Amino acid sequence: MGLRSDSAAGTRFLAAVREGRGIKPAARSVGVNPWAGYRWLREAFLALRRNGLDLEAAQAELGCFTVKARVWEEELLAGLAGPSWLSRP
């Protein structure tokens, strides 16, 4: 199993994205594949949504506006947003 978004690397990755780095540069800076970065973004996005932030506010908090957020939102609303290793990135 991979690292979670709240791991040290995940936290550094999310901070780099929040600072304005792209997914690939942020992933490279912490030594992970960009797909791990997308998984961490998804985990963080879903956590923010479950804590009451709306779609746009969650993306703003993450500092990342990705079209994947719409897919994650649809999965969340359909009850399909389980653990990320069981779902699409």
Side-chain angles (χ1 to χ4, degrees):
M1 181 194 301
L3 296 173
R4 293 172 31 125
S5 61
D6 59 358
S7 68
T11 301
R12 288 193 322 270
F13 168 82
L14 293 171
V17 170
R18 213 172 293 117
E19 291 170 0
R21 293 189 196 171
I23 305 296
K24 289 180 183 179
R28 203 174 9 243
S29 74
V30 299
V32 298
N33 187 291
W35 287 110
Y38 275 112
R39 182 171 50 83
W40 290 338
L41 276 174
R42 180 182 181 275
E43 286 177 12
F45 172 82
L46 293 173
L48 291 169
R49 289 291 291 120
R50 288 181 178 127
N51 286 331
L53 271 66
D54 65 20
L55 174 74
E56 290 78 19
Q59 289 185 93
E61 176 72 22
L62 292 171
C64 180
F65 294 85
T66 174
V67 296
K68 291 181 182 289
R70 295 279 179 203
V71 175
W72 302 335
E73 178 76 3
E74 290 172 10
E75 291 174 350
L76 179 69
L77 296 176
L80 301 174
S84 60
W85 62 89
L86 298 177
S87 302
R88 291 187 311 240

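The basis for the numbers below is simple: all heavy atoms, side chains too, and nothing from hydrogens, waters or symmetry mates. This is a predicted model, so every value here is computed, not measured.
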**Study point:** Salt bridge flag under 4.0 Å for residues Glu74 and Arg70
**Key:** no
Practice item. Evaluate the criterion side-chain contact (heavy atoms from CB on, under 4.5 Å) for residue pair Phe45 and Cys64; output intermediate values, then yes/no. Key: CA-CA 10 Å; Phe45 172 82; Cys64 180; over 6 Å; no
Review point. So, for Tyr38 and Thr66, which heavy atoms are closest and what is the spacing to 0.1 Å?
Key: CE2-OG1, 4.4 Å
Review point. After noting the C-alpha distance and the side-chain angles of Arg42 and Lys68, does the key distance pass the side-chain contact (heavy atoms from CB on, under 4.5 Å) rule?
Key: CA-CA 8 Å; Arg42 180 182 181 275; Lys68 291 181 182 289; over 6 Å; no
Review point. Is the backbone of Leu53 close enough, under 3.5 Å, to the side chain of Arg49 for a donor and an acceptor to pair up by distance?
Key: yes
Exercise for review: Give the minimum heavy-atom separation between Ala69 and Leu55, together with the two atoms involved.
Suggested key: O-CD1, 3.9 Å
Review point. Of all heavy-atom pairs between Ala58 and Leu48, which one has the smallest distance, and what is that distance?
Key: O-CD1, 3.6 Å
Revision key, fill the gap. Residues at least two apart in sequence or cross-chain that pass salt bridge (Lys or Arg N to Asp or Glu O under 4.0 Å) with Arg21, listed by chain then number, are none
Review point. Under the side-chain contact (heavy atoms from CB on, under 4.5 Å) criterion, do Leu76 and Arg50 qualify, and how do the steps go?
Key: CA-CA 9 Å; Leu76 179 69; Arg50 288 181 178 127; 3.8 Å; yes
Check your understanding: Can you find a heavy atom in the side chain of Trp40 that is under 4.5 Å from one in the side chain of Val32?
Key -> yes
**Study point:** Least distance between heavy atoms, Leu41 atom then Leu62 atom
**Key:** O-CD1, 3.9 Å
Study note, to complete from the structure: Nearest heavy-atom contact between Pro34 and Lys24 is CG-CG, 3.9 Å
